[in-house]
Amino acid sequence: MKTFAGKAAASADKARGGYYTPAPVARFLADWVRRAGPRIVEPSCGDGRILRELAALSSQIRGVELAAREADIARQFAPVDAENLFTWLGRTEAACWDGVAGNPPYIRFGNWAAEQREPALELMRRAGLRPSKLTNAWVPFVVASTMLVRDGGRVGLVLPAELLQVGYAAQLRDYLLARFREITLVTFERLVFDGILQEVVLFCGVVGAGPARIRTVHLTDAGALAAADLDVESAPALLHENEKWTKYFLDPSSIELLRGLKASGALTRLGAIADVDVGIVTGRNSFFTFTDAQARELGLRQHCVPLVSRSNQLCGLIYDIDCRTSDLAAGQRTWLLDAPPEPTDPALLAHIDAGAAAGVHRGYKCSIRKPWWSTPSLWIPNLFLLRQIHLAPRLTVNAAAATSTDTVHRVRLRHDIDPSALAAVFHNSATFAFTEIMGRSYGGGILELEPREAEQLPIPPPRHAGAELACNVDLLLKANEIEKALDLVDRQVLIEGLGFSPDVVAQCRAAWVTLRGRRTRRGSR
């Protein structure tokens, strides 16, 4: 029987968020928080990795841990209450501790038991936050930790780098800016947790009237914490600025420059010109997409439309028939099934029967469609935009009447604008720097840009690009000369067209290189 491969299920460890703190991190946080005073609580102490370090520094330590077995282990170091933190908070006076040190659990909403989740979300609501079904367990733990500490006290937490960049943490970022006077983010080039791609930061905050001043300290790995100096230059935060904290990986002068460009009016937003949407979510690509040889062998070519299925197919500014011909010859999945609701072709019926026999129709995405083999949201975009970015962003004109799967975003113009001009002006140092700030990066070094984030990207007005510029940029990109393409657009669009000084453009390029270098170095280790 033919099978159609799907995604692997998440591991049990990943589902329950059970990742334990490495010794150098536990030692650093315990020492840093203890400097605020002796009364310290660890709100999710597990088997006592951080609690042990705290107990060596003070006799007024307490832990809280939901899992009774782990609480028993941790009690060898300090008193531990075996209960839900958010229940425990109901009988604990707020703002009475000198500090909090901890490593909150990382549990997605759907894997989080409702009886544990609801008290946590209610705490967020009382704090003025609006939780959603994207809210991860670590978010209310941060809110609770902040509430526990007195003015001038310290909060030291191991947090996912999602704090800096994901949309569901935006309210939390504002909350923290308002309730801390100083925030230091300690980041690492190498991954801290063995075998886990989740990037983490150490949040070190001093409670007090905000908005906080934020500094970042970049270390090679957790072993460098012992000699780390946190007394570095800080940048002022702006409340309700709707920016991600990724920008704080830059020096304060670069942050101020990019803020000024964004507010200047010289640049517009991509979303003012075009709508960005995800590519097609088929529910099972192995059933819905084909190489040219597969489509011919199955007799399905007449039921297919041209497809871009991988980011590496978009190597230039224009995706045209020549590009598609190369993809066909290279064996890329270049065809997407577009089956009618009532098929009669025996070849198509045989393929649908094979899919049903393999259980494709029982997958969630397929099960909610009528009929299940219909391809959803099939439309042809004006341009394609990379969703996952390695070396550089890419906006590519669709000159081959293709569509795409969700590995690539689809862009539809709102106005009568030359798509080649839009694609050309997109490739500049300022927009590339904002892409690194507005997107989100993961442990593997890849930057991911979602549609709403892409629509917020500042870009130069397309009127500053002509056909000759688009042609030259296309040739340079297809030759993998990204820096030369940026040089060309920077000079003709940013400097000559918009009047930016060469120094400003150079600072934008340096910001992009800094942020890109940081994430790609992590991905190479």
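Two residues are said to be in side-chain contact when any heavy atoms from C-beta on lie closer than 4.5 Å; Val411 and Phe384 fail this criterion. For the pair Glu496/Arg491, a side-chain contact is recorded, criterion being any heavy-atom separation below 4.5 Å from C-beta on. Counting heavy atoms from C-beta on, the side chains of Phe77 and Leu54 never come closer than 4.5 Å. At a threshold of 4.5 Å between non-hydrogen side-chain atoms, the residues Leu477 and Glu481 do not count as touching. Between Val489 and Val473 there is a side-chain heavy-atom pair separated by less than 4.5 Å. Side chains of Tyr175 and Leu129 form a contact here, defined as non-hydrogen atoms less than 4.5 Å apart. For the pair Leu225/Phe188, a side-chain contact is recorded, criterion being any heavy-atom separation below 4.5 Å from C-beta on. Taking 4.5 Å as the limit, every side-chain heavy atom of Asp277 sits out of range of all side-chain heavy atoms of His409.
In this structure, Leu494 and Pro460 approach most closely via the heavy-atom pair CD2-CG, 3.9 Å. The heavy-atom pair separating Ser311 from Leu386 by the smallest distance is CB-CD2, 3.7 Å. Contact detail for Ser429 and Asp490: the closest heavy-atom pair is OG-OD2, 2.6 Å. Closest of all the heavy-atom pairs between Val425 and Pro461 is CG1-O, 3.9 Å. Here the shortest heavy-atom pairing between Gly439 and Leu447 reads C-CD1, 3.8 Å. Taking all atoms of both residues into account, the shortest heavy-atom contact from Pro458 to Lys262 is CG-CG, 4.4 Å.
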- List the steps, then state whether side-chain contact (heavy atoms from CB on, under 4.5 Å) holds for Ile459 with Leu267. CA-CA 5 Å; Ile459 62 168; Leu267 303 174; over 6 Å; no
- Message: Apply side-chain contact (heavy atoms from CB on, under 4.5 Å) to residues Asn136 and Phe109 and explain how you reach the verdict.
- Response: CA-CA 6 Å; Asn136 197 294; Phe109 191 94; over 6 Å; no
- Message: With side-chain contact (heavy atoms from CB on, under 4.5 Å) as the criterion, how do Leu176 and Leu163 come out once you've worked through the C-alpha distance, each side chain's angles and the decisive distance to 0.1 Å?
- Response: CA-CA 11 Å; Leu176 295 174; Leu163 167 70; 4.0 Å; yes
- Message: side-chain contact (heavy atoms from CB on, under 4.5 Å) for Val142 and Leu159? Distances and angles first, verdict last.
- Response: CA-CA 9 Å; Val142 176; Leu159 298 179; 3.6 Å; yes
- Message: Applying salt bridge (Lys or Arg N to Asp or Glu O under 4.0 Å) to Lys247 and Glu436, what does each step give before you reach the verdict?
- Response: CA-CA 8 Å; Lys247 64 182 176 295; Glu436 294 288 340; over 6 Å; no
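There is a side-chain donor-acceptor pair under 3.5 Å between Asp251 and Ser253.
When atom types are taken as modelled, the side chain of Arg516 and the backbone of Leu391 share a donor-acceptor pair closer than 3.5 angstrom. A donor-acceptor contact shorter than 3.5 Å is absent between the side chain of Glu450 and the backbone of Arg452. Of the possible donor and acceptor atoms, one in the side chain of Ser501 sits under 3.5 Å from a partner among the backbone N and O of Val504. Between the Arg387 side chain and the Leu449 main chain, no donor and acceptor come within less than 3.5 Å of each other. Listed for the Ser58 side chain is no donor-acceptor partner under 3.5 Å among the backbone atoms of Ala55. At least one donor-acceptor pair under 3.5 Å links the side chain of Lys244 to the backbone N or O of Met438. In terms of modelled atom types and a separation under 3.5 Å, the side chain of Arg269 and the main chain of Glu455 share a donor-acceptor contact. Listed for the Thr514 side chain is a donor-acceptor partner under 3.5 Å among the backbone atoms of Ala510. Within the 3.5 Å criterion, the main-chain N or O of Glu83 finds no donor-acceptor partner in the side chain of Asp81. With hydrogens and angles disregarded, a donor-acceptor distance shorter than 3.5 Å links the side chain of Gln313 to the backbone of Ser309.
Under the rule for a side chain to side chain donor-acceptor pair (under 3.5 Å), Arg154 has no partner lying at least two apart in sequence or in another chain.
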Below 3.5 Å, can you tabulate the donor-acceptor pairs from side chains in residues 200-211 to any protein atom, sequence neighbours excluded?
none

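Rounding to the nearest 0.5 Å gives a distance of 9.5 Å between CD of Gln76 and CG of Leu51. A distance of 9.5 Å separates CZ in Arg410 from OG1 in Thr405, rounded to the nearest 0.5 Å. A distance of 7.0 Å separates CG in Leu395 from CG in Leu270, rounded to the nearest 0.5 Å. Once rounded to the nearest 0.5 Å, the distance linking CD of Glu42 with CZ of Arg49 reads 11.0 Å. To the nearest 0.5 Å, atom OG1 of residue Thr396 and atom CG of residue Leu314 are 4.5 Å apart. With rounding to the nearest 0.5 Å, the separation of OG in Ser44 from CD in Glu65 is 7.0 Å.
Applying the side chain to side chain donor-acceptor pair (under 3.5 Å) test to residues at least two apart or on different chains, the pairs with a partner in residues 137-151 are Asp98-Arg150, Trp138-Tyr168. Within the structure, the ring pair (Phe, Tyr, Trp, His ring centres under 6.0 Å) test picks out the following pairs touching residues 207-235 (sequence neighbours left out): His218-Phe249. Pairs passing the ring pair (Phe, Tyr, Trp, His ring centres under 6.0 Å) check and including a residue from residues 23-63, sequence neighbours excluded, do not occur. Legend: side chain to side chain donor-acceptor pair (under 3.5 Å) pairs involving residues 119-130, not counting sequence neighbours, sorted by first then second residue: Glu122-Arg125.
Other residues, nucleotides and ligands contribute only 12 or fewer heavy atoms inside 6.0 Å of the NE2 atom of His390. Atom CZ of Arg69 is surrounded by 12 or fewer heavy atoms from other residues, nucleotides or ligands within 6.0 Å.
Salt bridge absent: Glu162 and Arg440 never bring a charged side-chain N and a carboxylate O closer than 4.0 Å. Remark: Lys478 engages Asp474 in a salt bridge, criterion side-chain N to carboxylate O under 4.0 Å. Taking 4.0 Å as the cut-off between side-chain N and carboxylate O, Asp31 and Arg35 count as a salt-bridged pair.
Under a cutoff of 6.0 Å and an axis angle of 45°, Arg215 and Tyr248 do not form a cation-pi pair. The side-chain tip of Arg509 does not point at the ring of Trp512 from less than 6.0 angstrom away and within 45° of straight on.
Val408 pairs with exactly one of Val278, Val308, Leu385 by the side chain to side chain contact (heavy atoms under 4.5 Å, CB included) rule, that one being Val308.
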